[in-house]
There are 2 protein chains.
Amino acid sequence: MTAHNTSNKIVTAEQLLLSRGVKPTPQRVVIADYLLQTDSHPTADEVLSAVSEALPVALSRATVYNTLNTLKDAGVIKEVLTEPGRVRYDANISHHHHFVDVKTGKIVDIPADKVEAIGELLGDQYKVHGFQVLFYGELEQH
Amino acid sequence: MTAHNTSNKIVTAEQLLLSRGVKPTPQRVVIADYLLQTDSHPTADEVLSAVSEALPVALSRATVYNTLNTLKDAGVIKEVLTEPGRVRYDANISHHHHFVDVKTGKIVDIPADKVEAIGELLGDQYKVHGFQVLFYGELEQH
DNA sequence: GTCTCAACTTAGACTTATTCTAAGTACATG
DNA sequence: CATGTACTTAGAATAAGTCTAAGTTGAGAC
Ligand SMILES: [Mn+2]
Ligand SMILES: [Mn+2]
Ligand SMILES: [Zn+2]
Ligand SMILES: [Zn+2]
């Protein structure tokens with residue numbers, strides 16, 4: 001089941017890919033399925049090892065990168081940048097934020113509505129050392 | 001002059017390095033000075049070309065990376081992650097945010113107090129496509 | 001049902017950002 | 001002045017990601 005896609009219309013990775021116009025090849029389905037059922041924000045390498053060890057189908061590094069870029073371009077997943085030198089992937093495409101535990105490296109989702117009173121008010125299971133707001137958009141010239 | 005360090009006690013890059021316990025070698029001073037007088041959030045490569053073309057002193061790529069990491073560890077500069085695969089550097093170490101113009105790639109600082117009413121209220125010279133809050137801290141176990 | 005062709009996958013070469021290594025330089029201190 | 005440590009350097013090494021060129025697949029044409 002899709003842990004991150006809460007619509008009850010789209011239940012399988014295959015249907016999700018079809019709905020976004022991505023041909024559901026076995027490799028793509030297996031990668032999308034893995035991303036949908038994890039909340040760990042894995043890197044490409046982590047996707048490769050998780051998926052290839054659990055699957056009978058052969059899977060190359062190039063296909064993992066191709067698929068991640070295809071899924072990103074199709075809006076099925078998002079990139080998450082939390083540390084230099086590695087891109088992480090997230091099947092939760094809703095507008096939300098991330099909390100990085102600097103001790104464990106664990107990355108957990110923070111719902112957008114938690115962030116209204118920013119910094120504080122995150123709940124006492126989070127000790128916030130700092131946070132960064134990163135805007136994407138366009139600058140109007142002067 | 002230091003565009004980003006608004007204290008009037010510390011005026012030169014050399015004094016800033018000394019105050020943070022970093023030995024002010026010519027290479028370090030020249031790199032710190034460049035970062036202090038730009039607001040462009042340059043990459044290591046951009047630092048290297050800007051600094052080596054304007055300076056008589058020889059400067060190697062390894063020294064640029066060594067110096068950037070030293071300055072970061074000493075709290076003189078901060079890393080800024082805005083796109084996959086490249087780290088940018090910022091001599092503005094105050095708590096602030098960034099706005100990425102997706103058309104031009106320009107990265108401008110957003111003062112922290114601008115971000116209270118997040119998303120909207122950024123001023124009409126900014127067309128916000130989206131933003132990300134990135135928290136750093138520690139997760140208390142359950 | 002077979003043919004055909006574009007889309008997809010693959011292994012490995014390549015590129016690029018960053019780090020490491022090993023040797024040289026600077027310079028503070030004895 | 002000699003020495004030792006910190007610093008710098010060129011280039012080798014690493015690691016994430018992309019590209020290339022050759023095979024594979026499978027949906028539609030017939
Ligand atoms: Mn990418
Ligand atoms: Mn770094
Ligand atoms: Zn997430
Ligand atoms: Zn900044």
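Per chain, numbering begins at 1; letters A, B, ... match sequence-line order.
- Between B:Glu79 and B:Lys72 there is a salt bridge, since a side-chain N of the basic residue sits under 4.0 Å from a carboxylate O of the acidic one.
- Checked against side-chain contact (heavy atoms from CB on, under 4.5 Å), A:Thr70 has the following partners two or more places apart in sequence or in another chain: A:Val22, A:Arg28.
- Judged as a side-chain contact (heavy atoms from CB on, under 4.5 Å), and not counting sequence neighbours, the contacts of B:Val47 are B:Ile31, B:Tyr34, B:Leu35, B:Pro42, B:Val51, B:Val64.
- Under the side-chain contact (heavy atoms from CB on, under 4.5 Å) criterion, A:Asp45 pairs with A:Thr43, A:Arg61, not counting sequence neighbours.
- Residues in residues 44-79 of chain A take part in no ring pair (Phe, Tyr, Trp, His ring centres under 6.0 Å) pair, two or more places apart or across chains.
- Rounded to whole Å, atom C1' of D:dA16 lies 13 Å from atom CG of A:Leu48.
- Residues forming a side chain to side chain donor-acceptor pair (under 3.5 Å) with A:Ser52 (at least two apart in sequence, or on another chain): none.
- Between the two ends of the helix from C:dG1-D:dC30 to C:dG30-D:dC1, each summarised by a five-pair axis, the helix axis turns through 10° (rounded to 10 degrees).
- Residues forming a side-chain contact (heavy atoms from CB on, under 4.5 Å) with B:Ser49 (at least two apart in sequence, or on another chain): none.
- Partners of A:Glu14 by salt bridge (Lys or Arg N to Asp or Glu O under 4.0 Å), not counting sequence neighbours: none found.
- Protein atom CZ of A:Arg86 is 15 Å distant from nucleotide atom P of D:dT18, rounded to whole Å.
- For the pair B:Asn69 CG and D:dC7 C1', the interatomic distance rounds to 15 Å; values are reported in whole Å.
- Remark: C1' of D:dG11 and OH of B:Tyr65 are 15 Å apart, rounded to the nearest angstrom.
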Give the B/S/- string for nucleotides 6-13 of chain C, one per nucleotide from 5' to 3', where a protein heavy atom under 4.0 Å of the base yields B, of only the sugar-phosphate yields S, and otherwise -. --SSBBB-
